[in-house]
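Report on one structure; see the data block that follows.
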2 protein chains.
Amino acid sequence: MYTIAPVAKDVSRFDLTRSVVCRGLSQQAARPLMAISSLHRKAPGEILFAEGDEADSIYEVLRGTVRLYKLLPDGRRLITAFVSAGRLLGLALDDVCVYTAEAITDVTLYRYKRTAFERLVDEVPGLAMRLLAVASDELRTAQERMLLLGRKSATEKVASFLVLMAGQQGSDGAEEVAIPMTRSDIADYLGLTIGTVSRTLTKLIRQGVIAIPTANRIEIRDRDDLEHLAAGETDRDL
Amino acid sequence: MYTIAPVAKDVSRFDLTRSVVCRGLSQQAARPLMAISSLHRKAPGEILFAEGDEADSIYEVLRGTVRLYKLLPDGRRLITAFVSAGRLLGLALDDVCVYTAEAITDVTLYRYKRTAFERLVDEVPGLAMRLLAVASDELRTAQERMLLLGRKSATEKVASFLVLMAGQQGSDGAEEVAIPMTRSDIADYLGLTIGTVSRTLTKLIRQGVIAIPTANRIEIRDRDDLEHLAAGETDRDL
DNA sequence: CGATATCTTGATAAGCATCAATGTGAGTGG
DNA sequence: CCACTCACATTGATGCTTATCAAGATATCG
């Protein structure tokens with residue numbers, strides 16, 4: 001991994017005042033944040049931090065996708081979240097990281113030193129409220145995930161995942177969604193196995209709900225059907 | 001439901017300066033919070049707020065236990081959390097409640113008007129940080145729950161639940177834990193069915209890990225075993 | 001003390017996991 | 001440029017875990 005000081009010339013492409021943390025803050029309020037930030041890159045498979053590490057940084061993803069996961073002693077894995085451009089990670093006041101963060105694709109991120117960051121919470125007006133909003137949002141999605149993991153069928157889980165991915169990519173007609181993660185990642189995100197994910201996708205293809213031109217691109221052919229499946233509203237297995 | 005103004009005489013028993021929200025704040029900082037709080041009681045089964053309601057309040061539980069849950073259209077339920085004395089609920093910046101909160105036992109709570117509460121975030125020093133700490137803690141437990149719901153076996157789930165309950169009740173030797181919720185609640189909390197919960201408890205009894213004098217009290221006979229089971233460290237089925 | 005909700009237990013089956021084989025695609029070196 | 005390789009994905013056969021449905025036991029409350 002290599003670090004680029006925030007004064008490096010290509011940083012202009014990632015204007016910090018447009019970052020998630022700073023959005024909504026005045027230019028003046030945002031400046032001290034810029035001062036404690038640094039730009040980083042990670043290659044696929046590289047680990048940003050691991051469960052149990054000292055939690056000393058907060059990151060904002062500028063480009064690429066990161067997976068956050070927890071492990072059981074025997075290796076079972078659950079991916080708690082995929083974090084893509086414009087989202088924060090590491091936002092917690094725990095001393096120790098409670099999950100591992102690993103790059104899926106090539107990733108570019110801002111890194112904020114946690115100590116400096118927390119000092120700013122008291123100094124930068126509006127920052128605390130912004131962080132609360134982010135945390136609140138994460139809590140909301142966490143509850144949605146619990147419902148999914150605890151009570152949805154395989155079909156409903158996979159459909160939910162596709163709806164989520166489609167939503168993040170902000171399209172809405174008949175559309176094609178990029179899937180940067182592997183089937184194994186998807187399985188560990190949904191609490192399924194790779195076989196079940198694959199079979200379920202095949203079933204959705206046969207039902208005409210989706211199409212899969214290449215393994216990493218999924219075309220949504222019937223968004224309504226998919227959303228009904230995701231919500232658990234339909235006859236659970238057509 | 002009946003409301004008691006905070007000046008009512010029995011309020012002294014629930015000194016607000018010792019509340020979770022105020023703990024760590026100065027007396028002076030805590031005062032404006034007291035001004036916007038009111039004391040409430042709910043009977044078992046009563047609903048504090050329902051999913052979809054306008055989110056206008058934040059509650060702190062003083063006595064009793066509340067269940068928070070989400071429903072699927074066909075009635076499947078997932079309990080996202082049990083909230084007992086000393087914990088907050090409704091802490092979110094969403095306009096709409098994303099879950100339902102319902103009293104399990106007789107419950108006593110403080111209620112803070114959200115609008116007033118949020119105004120105080122900017123005025124009361126340290127309050128924002130306290131709320132961030134609470135949110136951060138909830139996020140941590142939410143991730144633990146996801147791992148449980150997505151990747152743990154029935155035995156591991158039930159053992160985890162018992163360890164959690166024992167921990168909340170702050171005992172640590174050989175001990176008896178009060179279980180205020182029904183088997184159905186436990187099932188919906190763990191993503192299981194009532195039958196599986198009951199069977200798993202019976203299995204733990206046969207293994208000598210626990211004993212159940214009455215349905216609502218569980219005695220932990222081998223805390224180490226139980227914790228190993230909960231962590232997923234043991235031969236998954238003895 | 002009877003009525004009703006809750007809990008336990010049993011028989012059966014559905015859903016998903018497991019394990020293994022095959023298929024596919026991207027990158028590599030001959 | 002093509003065969004090779006390796007990682008990833010799909011598919012199939014089978015079995016385990018847990019759900020489902022139903023009956024019986026226990027507890028709780030008026």
Side-chain angles (χ1 to χ4, degrees), chain A residues 43-45 67 72 74-78 104-106 148-159 161 178-206 210-218 229 232 235-238, chain B residues 43-45 67 72 74-78 104-106 148-159 161 178-206 210-218 229 232 235-238:
Chain A
R67 63 180 156 238
L72 286 172
D74 63 357
R76 279 172 286 170
R77 182 179 70 157
L78 188 107
I104 289 181
T105 62
D106 278 300
L148 178 147
L149 291 167
R151 285 294 181 229
K152 286 190 181 177
S153 71
T155 305
E156 290 162 350
K157 286 177 174 180
V158 171
F161 170 73
I179 309 289
M181 58 291 286
T182 67
R183 296 292 185 268
S184 177
D185 285 335
I186 299 174
D188 287 347
Y189 182 73
L190 298 176
L192 297 171
T193 58
I194 176 174
T196 301
V197 169
S198 194
R199 261 182 268 272
T200 305
L201 286 171
T202 303
K203 198 182 75 176
L204 292 177
I205 293 172
R206 276 201 288 266
I210 61 170
I212 306 191
T214 91
N216 296 327
R217 314 219 106 237
I218 294 184
L229 283 173
D235 359 331
R236 295 184 45 194
D237 269 26
L238 287 176
Chain B
R67 63 182 156 237
L72 287 173
D74 63 358
R76 278 172 287 170
R77 182 179 71 157
L78 188 107
I104 290 181
T105 61
D106 276 300
L148 178 146
L149 290 167
R151 285 295 182 229
K152 286 189 180 178
S153 71
T155 305
E156 290 162 349
K157 286 178 175 179
V158 171
F161 171 74
I179 308 289
M181 59 291 287
T182 66
R183 297 291 185 268
S184 177
D185 285 336
I186 299 173
D188 287 347
Y189 181 73
L190 299 176
L192 296 171
T193 58
I194 176 174
T196 301
V197 170
S198 194
R199 261 181 268 272
T200 305
L201 287 171
T202 304
K203 198 182 73 177
L204 292 176
I205 293 173
R206 277 200 288 265
I210 61 170
I212 306 192
T214 89
N216 296 326
R217 314 218 105 236
I218 294 184
L229 283 172
D235 1 331
R236 294 186 42 195
D237 270 24
L238 288 175

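Every chain is numbered from 1, with letters handed out A, B, ... down the list of sequences. All values below were derived from every heavy atom in this structure, side-chain atoms included, with hydrogens, water molecules and symmetry-related copies excluded.
The nearest whole Å value for the distance from the CD1 atom in B:Ile205 to the P atom in C:dC7 is 13 Å. If you measure from atom NZ of B:Lys152 to atom C1' of C:dC16, you get 21 Å, rounded to the nearest angstrom. Rounded to an integer number of Å, the gap from B:Asn216 CG to C:dA5 P is 17 Å. Between B:Ile212 atom CD1 and C:dT9 atom P the separation is 9 Å, expressed in whole Å. The distance from atom CZ of A:Arg76 to atom C1' of C:dT18 is 14 Å, rounded to the nearest whole Å. Going from atom CZ of A:Arg151 over to atom C1' of D:dT18 covers 11 Å, rounded to whole Å. The distance from atom CZ of A:Arg199 to atom P of C:dT22 is 16 Å, rounded to the nearest whole Å. Rounded to a whole Å, the CZ atom of B:Arg183 is 15 Å from the P atom of D:dT26.
Scanning for side-chain contact (heavy atoms from CB on, under 4.5 Å) contacts around A:Ser184 gives A:Arg77, A:Thr182, A:Asp188, with sequence neighbours left out.
Checking side-chain atoms of A:Arg76 against main-chain N and O of B:Arg151 turns up a donor-acceptor pair under 3.5 Å.
Note on A:Thr193: a base of the nucleic acid sits closer than 4.0 angstrom, heavy atoms only. Among the heavy atoms of the strands lying under 4.0 Å from A:Ser198 is at least one base atom, whether or not backbone atoms are also near. Among the atoms of the strands shown, none is found under 4.0 Å from any heavy atom of B:Thr214. A:Leu192 comes within contact range of the sugar-phosphate backbone alone, with a heavy-atom separation under 4.0 Å but no base atom that close.
Looking at heavy atoms from C-beta onward, B:Tyr189 lies out of side-chain contact with B:Val197 at the 4.5 angstrom threshold. Here the side chains of B:Leu190 and B:Thr196 are not in contact, with every heavy-atom distance at 4.5 Å or above. B:Leu201 has its side chain within reach of B:Arg183: a pair of non-hydrogen atoms, C-beta onward, lies under 4.5 Å apart.
Taking side-chain N and O atoms only, A:Thr202 has a distance below 4.0 Å to OP1 or OP2 of D:dT11. Considering only side-chain N and O atoms, A:Thr182 lies nowhere under 4.0 angstrom from the phosphate OP1 or OP2 of D:dC8.
Side-chain atoms of B:Ala154 lie closest to D:dT18 of the nucleotides C:dT9, D:dT18, D:dT10.
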